[in-house]
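Bear in mind that the values here come from a model prediction, so they are computed numbers and not experimental data.
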Amino acid sequence: MQRIRGDKVDILAWTHPAEIEGVALDQLRNIASLPWVFHHVAAMPDVHYGKGATVGSVIAMKGAVSPAAVGVDIGCFTRDTRVPTADGRDVGIGELAEREDETIVYACTPTGRVVMARATARRTRSAAVLVAVVLDNGERIRCTPDHEFMLRDGSFRRADHLETGTSLMPLYRQRDKDGYTLVQQNYSGRWQKAHWIAARSGLLGEIPRFEGQRTVIHHRNFDEADNSPQNLQFIGASDHSALHRAIIDRNEHWHSAEFEARRVAALAEKALTPDGYAYFAQRGTHNILKYMRERPEHFREAVAGNGRRGAKALLKYNTSEKGRAKSRELANSLYSCDSCGEPVKSYIGLHNHKRYRHGYNHEVVRVEVLPEREDVYCLTVPEYGNFALSAGVFVHNCGMAAVRTSLRAGDLPDDLRGIRRELERAIPVGFNQHRDPVDRPQDKEFWDEFRHLTPAVKDLLPKARHQLGTLGGGNHFIELCLDTADRVWMMLHSGSRNIGKSLAEIHIQRARKLSHNRDLPDRDLAVFLAGTREMDEYRRDLFWAQRYAMKNREAMLGLYEDVLRRFRQDVEFADRVLCHHNYVAEETHFGEEVLVT
């Protein structure tokens with residue numbers, strides 16, 4: 001154990017101070033400078049930077065508690081890692097951290113629905129160990145080995161555990177003919193306009209209705225790629241058209257021969273690109289088919305004798321040296337795949353390449369261990385816990401339970417897929433929840449206490465009841481495992497689900513606004529003081545949420561046991577271990593009653 005001198009109290013480190021990353025050491029010193037910290041701050045061997053407080057530390061406070069100090073892990077990327085933002089730009093994560101304000105980024109639900117969310121960036125570690133994740137689209141992402149990437153099935157895996165061919169959750173973007181940003185929804189494959197993703201994500205408030213008109217979204221600065229919420233305005237479709245007509249009437253430049261010449265030139269240039277060619281071909285096909293339907297007699301008259309007139313000329317051209325050369329040129333022309341950059345022969349070959357090589361997935365080519373060390377940064381996205389990189393993938397931004405069974409390794413079936421399928425049916429994962437709540441008689445009094453929680457969560461009771469007995473996402477897991485004696489154990493890691501997250505966010509924001517927290521070295525260390533209404537309400541909500549987390553794990557264990565009984569009716573369960581992961585407890589140390597995080 002090493003002692004590090006602090007401002008108010010010392011830091012007792014169960015690792016050498018030189019092994020603690022610089023920003024984590026700064027954070028420990030910030031904690032040790034708080035007037036409420038009691039006796040010392042303990043730093044474990046795995047201590048590292050987190051949100052507000054270091055992860056892997058133990059903090060005791062007398063007469064106060066910090067709601068953010070439970071330790072929120074933050075993953076890390078080099079400062080040049082680019083992030084697509086709602087305003088249509090791709091910005092280095094280091095630059096986002098220097099802004100010190102919120103930005104709007106893309107995130108993804110476990111079911112593959114792309115959304116937009118508010119995020120904040122910050123530097124998380126200095127001189128960090130790095131790996132490079134190389135993707136099949138040619139992108140190379142440098143990050144810490146422990147940073148988690150979102151897989152195509154919505155789960156997460158550490159960077160250093162990714163394998164060649166692993167499919168990652170992709171972010172595909174493109175511009176349409178009018179300049180609007182389109183994003184492909186991974187759950188359906190359909191393209192959706194980014195400004196409606198912002199609206200459906202709740203960033204513009206409630207979506208209004210306009211009597212007799214379809215609701216559309218107007219870009220205030222007329223930049224269709226800028227989908228930042230402040231640039232978007234709901235408006236009726238007719239009113240929107242009238243607004244644009246009025247602007248055109250006032251702007252003579254848009255009626256000039258110069259503007260028309262530039263417009264025609266731009267269209268001609270677009271027609272030479274693969275995307276432009278495909279667009280105009282599709283548009284032309286639509287117009288021709290419409291003409292054939294609406295004026296059939298005129299069409300038949302116009303094309304009468306076409307085959308006879310053109311057959312000789314076409315045959316002559318195709319058999320000529322010029323025609324043969326053109327056919328060879330088209331068949332052998334190379335087109336670059338916009339997903340991986342690989343050159344592919346012909347449009348048909350490009351289409352097949354994209355379809356069969358990529359589908360809706362980005363794949364890992366390899367993971368490289370890098371010799372260099374650099375400062376690293378990350379985004380905190382409270383609502384979704386992940387965000388998209390410009391490389392086109394999503395990355396990540398509790399408590400334990402274990403029960404020993406009477407089974408041995410040889411009692412299990414050779415193929416465990418049946419057990420896994422039954423577990424997935426019994427215990428919802430990610431954002432999913434039970435169709436009918438898991439009602440247990442012992443929980444009645446617990447649910448009655450919900451009405452005493454902060455009124456801000458009063459509407460979350462149905463969700464909380466349906467999520468009891470569900471795993472969640474992120475690094476949460478369920479395992480069937482063996483100990484050294486080949487005995488079978490059930491194990492799981494999960495927490496207080498949406499209700500716990502909501503309560504924490506409410507109280508963290510409340511604490512940050514209190515006057516006694518204005519001069520803290522880090523506003524994420526904001527505390528509630530004993531004897532105040534805010535502290536009493538936080539303790540009430542905190543301990544209820546911790547009980548919810550424990551009951552959630554108990555309910556899952558009950559469902560887990562039911563699944564195993566379907567395979568072995570004689571199975572018995574013993575040695576139940578239940579413990580919190582990050583939590584607050586009222587304890588007595590050195591003769592004083594303290595709140596320990």
Heavy-atom check, side chain of [X] versus side chain of [Y], under 4.5 Å:
X	Y	answer
His147	Cys378	yes
Asp541	Ile506	no
Leu480	Tyr560	yes
Val83	Val91	no
Leu130	Arg373	no
Thr470	Asn432	no
Glu561	Val571	no
Leu407	Arg487	no

Steps toward side chain to side chain contact (heavy atoms under 4.5 Å, CB included) verdict (Leu564, Phe573): CA-CA 10 Å; Leu564 288 188; Phe573 306 96; 4.2 Å; yes

Determine the interplanar angle of the Trp447 and Phe450 rings, folded into 0 to 90°, and report it as parallel if under 30°, tilted if 30 to 60°, perpendicular if over 60°. tilted

What is the distance from atom [atom1] of [X] to atom [atom2] of [Y], rounded to the nearest 0.5 Å?
X	Y	atom1	atom2	answer
Ile427	Ser494	CD1	OG	9.5 Å
Arg79	Asp375	CZ	CG	9.0 Å
His507	Arg539	NE2	CZ	12.0 Å
Ile31	Met61	CD1	CE	7.5 Å
Ser57	Gln27	OG	CD	8.0 Å
Ile197	Asn227	CD1	CG	8.5 Å

Around atom [atom1] of [X], are there more than 12 heavy atoms from other residues, nucleotides or ligands closer than 6.0 Å?
X	atom1	value
Asp448	CG	yes
Glu479	CD	yes
Arg420	CZ	no
Arg3	CZ	no
Glu206	CD	no

Is [X] reaching over with its side chain to a backbone N or O of [Y], donor-acceptor style, under 3.5 angstrom?
X	Y	answer
Ser66	Ala526	yes
Asn186	Met169	no
Arg408	Ala485	yes
His466	Gln433	no
Thr405	Val488	yes
Tyr538	Val527	no
Trp544	Phe446	yes
Gln467	Asn498	yes
His434	Gly469	yes
Asp87	Ser228	no

Would Leu28 and Ile4 satisfy side chain to side chain contact (heavy atoms under 4.5 Å, CB included), going step by step from the backbone distance to the final call? CA-CA 10 Å; Leu28 286 169; Ile4 304 170; 5.6 Å; no

Which atoms form the tightest heavy-atom contact between [X] and [Y], and what is the distance?
X	Y	result
Leu578	Leu557	CD2-CD1, 3.9 Å
Ala574	Val403	O-CG1, 3.6 Å
Leu482	Ala409	CD1-CB, 3.8 Å
Thr144	Ala159	O-CB, 3.9 Å
Ala426	Leu559	O-CD1, 3.7 Å
Ala64	Leu529	CB-CD2, 4.0 Å

Can you sort out the partners of Glu368 under salt bridge (Lys or Arg N to Asp or Glu O under 4.0 Å), two or more places apart, ordered by chain and number?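 Scan of Glu368 (salt bridge (Lys or Arg N to Asp or Glu O under 4.0 Å), adjacent residues dropped) gives Arg140, Arg366.
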
For Glu372, which residues count as a salt bridge (Lys or Arg N to Asp or Glu O under 4.0 Å) partner, sequence neighbours excluded?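 Result, salt bridge (Lys or Arg N to Asp or Glu O under 4.0 Å) vs Glu372: Arg142.
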
Side chain to side chain contact (heavy atoms under 4.5 Å, CB included) evaluation trace for Val369 with Val129: CA-CA 9 Å; Val369 178; Val129 175; 5.9 Å; no

Go through it in stages, so that I can follow the logic: the residues are Val9 and His39, the test is side chain to side chain contact (heavy atoms under 4.5 Å, CB included), and I'd like the CA-CA distance, side-chain angles, deciding distance and then a yes or no. CA-CA 6 Å; Val9 300; His39 205 274; 5.8 Å; no

Side-chain donor-acceptor pair under 3.5 Å between Tyr187 and Arg113, yes or no?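 Their side chains do not contain a donor-acceptor pair, so the 3.5 Å distance test is not met.
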
Salt bridge (Lys or Arg N to Asp or Glu O under 4.0 Å), that's the test. Do Asp536 and Arg533 meet it? Break it down for me. CA-CA 5 Å; Asp536 292 341; Arg533 176 178 57 84; over 6 Å; no

Quick one: which residue pairs count as a salt bridge (Lys or Arg N to Asp or Glu O under 4.0 Å) with a foot in residues 587-597, not counting sequence neighbours?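 Salt bridge (Lys or Arg N to Asp or Glu O under 4.0 Å) check on residues 587-597 returns Lys62-Glu592.
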
